[in-house]
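Shown next, in structure tokens, is the structure this report addresses.
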Amino acid sequence: MQDLHHLKTSKKAIVEEPPKKSHLKLFFIVFAILFTIVAIFYFLLSANSSWDGKSKILVASEDSAGIVTITVLDPGTSSISYLVAPAEVEVNAANNLGTWKLGSISKLGNDKNLGGIFLKNTLIKSFNFPITDWSGPDFIKLTNGNILSELSTFFKPDISNLSVFDKLRMANFAIAVNANGKITTSLEDTSELSRAKLTDGSLGWTITDNIPTSVESFLVDTNLASKNLNVLINDYTSTSVASGIVTKTVEALGANVASIQNMDVNKSLDCKITGQTQAAVDKIAKIFSCDKSYSKAPNNFDIQIDIGEIFRNRF
């Protein structure tokens, strides 16, 4: 009888084994599904990423009062700098839309259905700052290092070319930057701006010809500047205005424009950046929204920039 009881117990133990194995199998299936979902989510967020989290990036934004801030995130110095321009600065609008006050640019862009890039292009055209990205008025909250403030920006609609992945990286970076690493510079307190009577008769600010050293230091990409890149500009436009914008902006970035070649006008060409230094090609192409080619530039130049009439009409 004892042997029979033992046999029944053994059979019961054997019968109970499969559920344990099935639970383990279920665990691995659930884990694999969750891992796949996370991987897909990560890929979708990072697919259109603008920032690698390592290089300096400049993001333009405008608040409800028309005050424009160019936020400079610099992992190299573990700092965040804010270059603030008043709404009453007179600027030359992109897309050849004439002279306006800076505080009116975002509204003008919306009225013309040109989007947030219109503000970025106007700042590049007027200030020659190498700005790569743009965002809405809540962007400043994303970089102030306050977790609650940063989280609130993810639940508000925002006109921006930055992905959610970019914003997460930036928020995380901002938390790691201490208070001493956050610097605000009012451009009206520098020689970048000059007090003047504007075209409409009001008192405001005009932009001076040269970027002061105190501002230039925030703009230069030290990684690219250290490579001593020589740039060739092939100008296929009908005026020298576009090549002048490109020259000043590229040199503010830290490269050297060694030659400008005036070519026959090309009405179907926008712009193209060619070179073997991928980081430089990517950065310049992002600033001006150009096509790019990772191939050798001619005549021992490091970078070749081709600009045509479509480019001129955008700026």
For [X] and [Y], test the side chains for any donor-to-acceptor distance below 3.5 angstrom and give the result as yes or no.
X	Y	result
Ser293	Ser295	yes
Thr199	Glu90	yes
Glu216	Ser214	no

Specify the closest pair of heavy atoms between [X] and [Y], including all atoms of both residues, with the distance to one decimal.
X	Y	value
Phe218	Leu58	O-CD1, 4.4 Å
Leu229	Ala280	CD1-CB, 3.5 Å
Lys272	Cys290	N-CB, 4.1 Å
Phe315	Asn121	CZ-OD1, 3.5 Å
Gly103	Glu62	O-OE2, 3.2 Å
Lys56	Lys283	O-NZ, 2.9 Å

Hey, are [X] and [Y] close enough for a salt bridge, meaning a charged N less than 4.0 Å from a carboxylate O?
X	Y	value
Lys248	Glu251	no
Lys141	Asp138	yes
Lys120	Asp133	no
Asp111	Lys107	yes
Lys101	Asp200	yes

Measure the [atom1]-[atom2] distance between [X] and [Y] for me, rounded to the nearest 0.5 Å.
X	Y	atom1	atom2	value
Thr132	Asp282	OG1	CG	11.5 Å
Ile175	Asn144	CD1	CG	9.5 Å
Leu142	Ser135	CG	OG	7.5 Å

Next item on the list: For Asp302, check salt bridge (charged side-chain N to carboxylate O under 4.0 Å, His left out) against everything at least two apart and list the hits.
Entry: none
So, do [X] and [Y] sit near enough that their side-chain heavy atoms are less than 4.5 Å apart?
X	Y	result
Ile307	Met263	no
Leu97	Leu108	yes
Asn313	Asn96	yes
Leu187	Phe127	yes
Ser79	Lys182	no

Next item on the list: Could you give me the CA-CA distance, side-chain angles and deciding distance for Trp51 and Phe173, then say whether side chain to side chain contact (heavy atoms under 4.5 Å, CB included) is met?
Entry: CA-CA 12 Å; Trp51 192 42; Phe173 174 72; 4.0 Å; yes
Item checked: For Val220, the rest of its hydrophobic cluster, which grows through side-chain links under 4.5 angstrom -> none
Notebook entry, point to check: Tell me, which pairs form a ring pair (Phe, Tyr, Trp, His ring centres under 6.0 Å) where one or both residues lie in residues 64-83, sequence neighbours left out?
Noted result: none
Next item on the list: Go through Leu253 and Ile284 one step at a time and tell me if the side chain to side chain contact (heavy atoms under 4.5 Å, CB included) criterion holds.
Entry: CA-CA 9 Å; Leu253 187 63; Ile284 297 171; 4.0 Å; yes
Margin query: Can you confirm if the aromatic rings of Phe139 and Trp134 lie within a centre distance of less than 6.0 Å?
Written below: no
I'd like to know if the side chain of [X] reaches the main chain of [Y], judged simply by a donor and an acceptor atom lying under 3.5 Å from each other, with no hydrogens or angles considered.
X	Y	value
Lys125	Ala93	yes
Thr208	Glu192	yes
Ser104	Trp100	no
Asn299	Phe301	no

Item checked: Candidate list Val72, Ile70, Asp166, Leu162, test side chain to side chain contact (heavy atoms under 4.5 Å, CB included), partner Val59, passing option -> Leu162
Note to self: By the definition side chain to side chain contact (heavy atoms under 4.5 Å, CB included), identify the one residue from Asp235, Leu232, Asn234, Val250 that meets it with Ile305.
What the structure shows: Val250
Note to self: Under the criterion side chain to side chain contact (heavy atoms under 4.5 Å, CB included), I'd like the reasoning laid out for Asp306 against Tyr236: C-alpha separation, chi angles, the key distance, then a yes or no.
What the structure shows: CA-CA 7 Å; Asp306 298 321; Tyr236 293 88; 4.0 Å; yes
